[in-house]
Amino acid sequence: MHSIFPTISRFSVLSHSDHHHLHGGRYNRQTLSLRVPPPLPPHLRNIKTLPLRRNFTISAIDAAQPKINGSIAKSNTLKIAIVGFGNFGQFLAKTLVRQGHTILAHSRTNYSAVAAELGVSFYFNADDLCEEHPDVILLCTSVLSAEKVLRSLPLQRLKRSTLFVDVLSVKEFAKDLFLQIIPSDFDILCTHPMFGPESGKDSWKGLTFVYEKVRIGHDESRVLRCEKFLDAFAKEGCIMKEMTCAEHDQHAAESQFITHTVGRILEKLDLDSTPINTNGYEKLLDLVENTSSDSFDLYYGLFMYNKNAMEQLDRLTVAFEMLKKELAGHLHEVLRKQLFRAREQNFGVLQEPRALLKLPPNGNGHALPSRSDSAIS
Ligand code: NAP
């Protein structure tokens, strides 16, 4: 009984009596019981039927198909439940509400007031949220809390085909988590908008949206629902990139994790704007602002839950050391040349390498020490 349920909207697996219930708008799973069928009503008598075991028949009710498809296509909006209504959840809600979607939200913190301002219905209780039967559960919690939050949801209260979407910045972890926890009846779409409340505050145009359709049922309504969700980003002008979660994590470690790390290093320098900022420096200041407005949990999640992050951190450390060595090596070369030139000019007699004193200050802003206070020879 359970296994044939998902096929109902495509092929209509019906007993004779079910035709009656469907026609009367009272179709439900209980009508698939093994009963002796009453005679078909006259308007259904010409329908081609295929005999099934016992008294089941599969009816080719093609005439009903356009009606079903039509109802899916009619509404372009979805009922979306955002779970985790913090910084990013609220940011997404603004655009989704503007697009006409019905947005519900649930979070650890009570965001009723913020939600009301945004036109979102807030449910402090997860049971109440799930009983609203949203089309989509959009997981927007921190990477670190995702498993705990997902496990705490009363999934049994949801429609059995609900689409689960996440926006976690690490994708292999999110995909594995969904596949482990979400029952196989539910659909799964893993996504990562490569922008946030700072970079996407004015528009999402030209910003990248990564996704992998991990498990979407073949039923037309499920395919359409997934497309509708993706369309919310496509129609804002996002660049839609379909790739596997593994590919995403490799690219993200090389780009996003490096960006956040550099931003956080620069933040520690406490950089100030100067009266002579170059464009490059302005961009660095922007980077610091962008990354520092994200929570540390987010950054830590990028590190902990992306297996490629450690390698990038090591490469960054090695690159910094290499650069320092390159600078020191260059300086050493200049000094050596000057030293030997002075010796040659003086026929092998070691002289004070006068040019040394004209060298630019070193990294500490101090002039190099004169020969008397150093061991240069
Ligand atoms: P975040 O610090 O990564 O996550 C904050 C959210 O996680 C809040 O909704 C918070 O709920 C919830 N949360 C944290 N710890 C929790 C716990 N122990 N139990 C239950 N809920 C907990 O910041 P964010 O910027 O809002 O990001 C949310 C998600 O979006 C993350 O997975 C992040 O990777 C992803 N994302 C963020 C950006 C961005 O630019 N910010 C961009 C793309 C994707 P309460 O507020 O109720 O405490």
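Read the numbers this way: they start at 1 and go in the same order the structure lists the ligands and their atoms. All residue numbers refer to positions in the sequence shown, counting from 1.
Residue Leu144 does not touch ligand 1, judged by heavy-atom distances below 4.0 Å. With a heavy-atom cut-off of 4.0 Å, Asp294 touches ligand 1 through its side chain alone. When heavy-atom distances to ligand 1 are checked against a 4.0 Å cut-off, Glu198 has no atom that comes that close, whether in backbone or side chain. When heavy-atom distances to ligand 1 are checked against a 4.0 Å cut-off, Phe85 comes that close only through its backbone atoms N, CA, C and O.
Of the options Ser169, Pro193, Gly84, Ser142, the smallest heavy-atom separation from atom 6 (C) of ligand 1 is shown by Ser142. Distances from atom 19 (N) of ligand 1 to the heavy atoms of Lys148, Met194, His192 put Lys148 nearest. Comparing Arg108, Gln90, His106 by heavy-atom distance to atom 10 (C) of ligand 1, the nearest is Arg108.
Ser161 is listed as a side-chain neighbour of Arg225, based on a closest heavy-atom distance under 4.5 Å. Using a 4.5 Å cut-off on side-chain heavy atoms (C-beta onward), Gln312 and Asn306 make no contact. Contact annotation: the side chain of Asp187 never approaches that of Cys226 to less than 4.5 Å [non-hydrogen atoms, C-beta and beyond]. In this structure the side chain of Thr208 never reaches within 4.5 angstrom of the side chain of His192, judged on heavy atoms. A heavy-atom distance below 4.5 Å is not found between the side chains of Asn308 and Glu254. Two residues are said to be in side-chain contact when any heavy atoms from C-beta on lie closer than 4.5 Å; Ile182 and Arg215 meet this criterion. In this structure, Arg264 and Phe296 have side chains that are in contact, with non-hydrogen atoms separated by less than 4.5 Å. With contacts defined as side-chain heavy-atom distances shorter than 4.5 Å, the pair Pro183/Leu155 qualifies.
Of the charged side-chain nitrogens involved, none lies within less than 4.0 Å of a carboxylate oxygen, so that Asp135 and Lys228 do not count as a salt-bridged pair.
When only modelled atom types and interatomic distance are considered, Tyr299 and Thr261 share a side-chain donor-acceptor pair under 3.5 Å. When only modelled atom types and interatomic distance are considered, Glu147 and Gln180 share no side-chain donor-acceptor pair under 3.5 Å. Side-chain N/O atoms of Asn277 and Thr274 include a donor and acceptor closer than 3.5 Å.
Of the protein's non-hydrogen atoms, Val167 O, 3.1 Å is the one closest to atom 44 (C) of ligand 1. Of all protein heavy atoms, the one lying nearest to atom 23 (O) of ligand 1 is Ser295 OG, 3.8 Å. The nearest heavy-atom contact from the protein to atom 47 (O) of ligand 1 is Ser107 OG, 2.7 Å. Residue, atom and distance of the protein heavy atom nearest to atom 42 (C) of ligand 1 are Phe195 O, 3.2 Å. Protein heavy atom nearest atom 46 (O) of ligand 1, with residue, atom name and distance: Tyr111 OH, 2.4 Å. Protein heavy atom at the shortest distance from atom 28 (C) of ligand 1 is Cys140 O, 3.1 Å. Of the protein's non-hydrogen atoms, the one nearest atom 13 (N) of ligand 1 is Ser145 OG, 3.5 Å. Here the heavy atom of the protein found nearest to atom 20 (C) of ligand 1 is Val149 CG2, 3.5 Å.
Counting atoms of ligand 1 from 1 in the listed order, those under 4.0 Å from a heavy atom of Val143 are 32 (O), 34 (O). Near Thr109, meaning under 4.0 Å from one of its heavy atoms, ligand 1 places the atoms 45 (P), 46 (O), 47 (O), 48 (O). Every atom of ligand 1 is numbered from 1 in the order shown, and the set under 4.0 Å from a heavy atom of Asn87 is 25 (O), 26 (O).
Between Pro197 and ligand 1 there is a heavy-atom distance shorter than 4.0 Å.
Residue contacts with ligand 1: Gly86 is placed with a nitrogen or oxygen under 3.5 Å of a nitrogen or oxygen of the ligand (distance criterion only). Polar contact check, Thr141 against ligand 1: a nitrogen or oxygen pair lies under 3.5 Å apart.
Here the CG atom belonging to Asp286 is positioned 11.0 Å from the OG atom belonging to Ser199, to the nearest 0.5 angstrom.
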